[in-house]
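First listed ligand is number 1; within each ligand, the first listed atom is number 1. Starting from 1, each residue takes its place in the sequence as its number.
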Amino acid sequence: MGIHNKMKFIKYIFLIGMVLFLFNACYYDKKDQVYPQVVVAACDTANVSYSVTVTNILNANCNNCHGASANSLGAGIFLNSYASVQPYISSGRLVNSILQNGSASSMPKNAAKLDVCSINKIILWVNKGAINN
Ligand code: HEC
């Protein structure tokens, strides 16, 4: 093959490659629209209540230290009843602690931040007056 034909051949292969690449890209675009692969769970903040939402989050993440049976771990701070949570709402310490913003001890202690959805639910409940619903 001469140099000229070699160049033609390379261009031809390149062209086929581009066509296959574009075709492939279109194929995947379509497939992703028809069968979404990643389902991002929405954060349901419509029905936030103390009795279900907030207690579930506190029981799952906090009350191993701040519940009645484990008070030596939680520095005498209880978050296992509506009344015992109140002082930490009015002082802003509950929200600041889970935001880990430096205005209160970061909570959960020695652990990663709560997921964004849980944090948002607690903040929403607090902003709506932290009622005993
Ligand atoms: C491993 C035990 C542990 C866990 C889990 C834990 N805490 Fe604490 N928490 C403590 C201790 C101990 C303190 C006392 C302050 C300190 O040592 O940092 C404290 C302090 C606090 C305070 C007072 C902060 C201040 O600066 O006055 C709040 C509010 C609080 N925790 C909320 C929570 C919340 C909400 C969770 C769950 C998201 C949680 N804690 C999880 C151990 C824990």
Side-chain angles (χ1 to χ4, degrees):
M1 242 192 270
I3 183 76
H4 185 68
N5 280 341
K6 248 188 204 161
M7 284 306 291
K8 256 188 168 170
F9 182 68
I10 290 169
K11 275 185 192 162
Y12 182 67
I13 294 292
F14 179 73
L15 207 73
I16 290 181
M18 285 304 288
V19 169
L20 286 176
F21 173 77
L22 289 175
F23 180 73
N24 216 20
C26 290
Y27 174 77
Y28 278 110
D29 280 353
K30 235 182 168 174
K31 183 177 162 238
D32 285 350
Q33 281 166 17
V34 180
Y35 310 107
Q37 300 294 297
V38 183
V39 179
V40 178
C43 184
D44 179 13
T45 50
N47 301 301
V48 173
S49 68
Y50 171 73
S51 60
V52 178
T53 325
V54 175
T55 46
N56 281 350
I57 295 169
L58 296 181
N59 284 340
N61 301 286
C62 317
N63 286 345
N64 51 326
C65 293
H66 296 297
S69 59
N71 58 33
S72 63
L73 295 171
I77 294 166
F78 298 102
L79 300 175
N80 59 334
S81 74
Y82 179 75
S84 63
V85 170
Q86 289 311 297
Y88 302 99
I89 291 162
S90 49
S91 68
R93 290 188 175 273
L94 182 84
V95 168
N96 286 331
S97 72
I98 58 173
L99 284 175
Q100 306 197 347
N101 62 6
S103 295
S105 295
S106 295
M107 295 289 144
K109 195 170 174 66
N110 301 327
K113 247 184 179 176
L114 295 181
D115 61 286
V116 173
C117 184
S118 297
I119 293 174
N120 286 345
K121 284 173 173 174
I122 290 186
I123 291 175
L124 193 91
W125 174 71
V126 169
N127 287 348
K128 283 188 167 178
I131 53 176
N132 192 359
N133 55 353

Examine the proximity of ligand 1 to Ile98 and report which part, side chain or backbone, both or neither, has a heavy atom under 4.0 Å away.
side chain
Can you list the ligand 1 atoms lying under 4.0 Å from a non-hydrogen atom of Ser97?
29 (C), 32 (C)
Within a distance under 4.0 Å of any heavy atom of Ile77, pick out the atoms of ligand 1 and give their elements.
20 (C), 21 (C), 22 (C), 23 (C)
Any donor and acceptor pair, going by atom type alone, linking the side chain of Thr45 with main-chain N or O of Lys121 inside 3.5 Å?
no
In the structure I gave you, are the side-chain heavy atoms of Leu79 and Asn63 within less than 4.5 Å of one another anywhere?
yes
Atom 17 (O) of ligand 1: closest protein heavy atom, distance to 0.1 Å, is Lys109 NZ, 3.0 Å
Tyr50 side chain to Tyr82 backbone, donor-acceptor under 3.5 Å:
yes
Check whether Ser84 reaches the backbone of Phe78 with its side chain - one donor and one acceptor, N or O, closer than 3.5 Å.
yes
Minimum heavy-atom separation for Cys117 and Asp44, please, with both atom names.
SG-N, 4.4 Å
Where ligand 1 meets Cys65 - atom numbers and elements under 4.0 angstrom, heavy-atom basis:
1 (C), 2 (C), 3 (C), 4 (C), 5 (C), 42 (C), 43 (C)
Can you confirm, on distance only, whether ligand 1 has an N/O atom lying under 3.5 Å from any N/O atom belonging to Ser105?
yes
Going through the checks in order, is the side-chain contact (heavy atoms from CB on, under 4.5 Å) test met by Ile119 and Leu99?
CA-CA 7 Å; Ile119 293 174; Leu99 284 175; 3.8 Å; yes
Counting from 1 in the order shown, the ligand 1 atoms closer than 4.0 Å to a non-hydrogen atom of Leu79 are 32 (C), 33 (C), 34 (C), 35 (C)
Show me which atoms of ligand 1 lie under 4.0 Å from any heavy atom of Asn61.
5 (C), 37 (C), 41 (C)
Closest heavy-atom contact between Asn47 and Thr53?
O-OG1, 3.5 Å
Atom 42 (C) of ligand 1 [closest protein heavy-atom partner, distance rounded to 0.1 Å]
Leu73 O, 3.5 Å
Is there a chain of hydrophobic side chains (I, L, V, M, F, W, Y, each step under 4.5 Å between heavy atoms) that links Ile122 to Tyr88?
yes
Ligand-residue contact atoms, ligand 1 with Leu94, heavy atoms, under 4.0 Å
29 (C), 35 (C)
Within the 4.0 Å heavy-atom shell around Pro108, which atoms of ligand 1 are there?
38 (C), 39 (C), 41 (C)
Please work out the angle at atom 8 (Fe) of ligand 1 defined by atom SD of Met107 on one side and atom NE2 of His66 on the other, rounded to 10°.
170°
Return yes or no for this condition: an N or O of Arg93 is under 3.5 Å from an N or O of ligand 1.
yes
The option among Gly74, Ser106, Gly102, Cys62 carrying the non-hydrogen atom nearest to atom 34 (C) of ligand 1 is Cys62
Full working for side-chain contact (heavy atoms from CB on, under 4.5 Å) between Val48 and Asn120:
CA-CA 10 Å; Val48 173; Asn120 286 345; over 6 Å; no
Using a 4.5 Å cut-off on heavy atoms from C-beta on, say whether the side chain of Lys109 contacts that of Cys62.
no
If you have a sec, work out which protein heavy atom is nearest atom 14 (C) of ligand 1 and how many Å separate them, to one decimal?
Ala75 CB, 3.5 Å
Ligand 1 to Asn64 polar contact by distance, N or O atoms, under 3.5 Å:
no
Given side chains that start at C-beta, do those of Ile98 and Asn61 come closer than 4.5 Å, heavy atoms only?
no
Please work out, at 4.0 Å between heavy atoms, whether the side chain, the backbone, both, or neither of Ala104 comes within that distance of ligand 1.
both
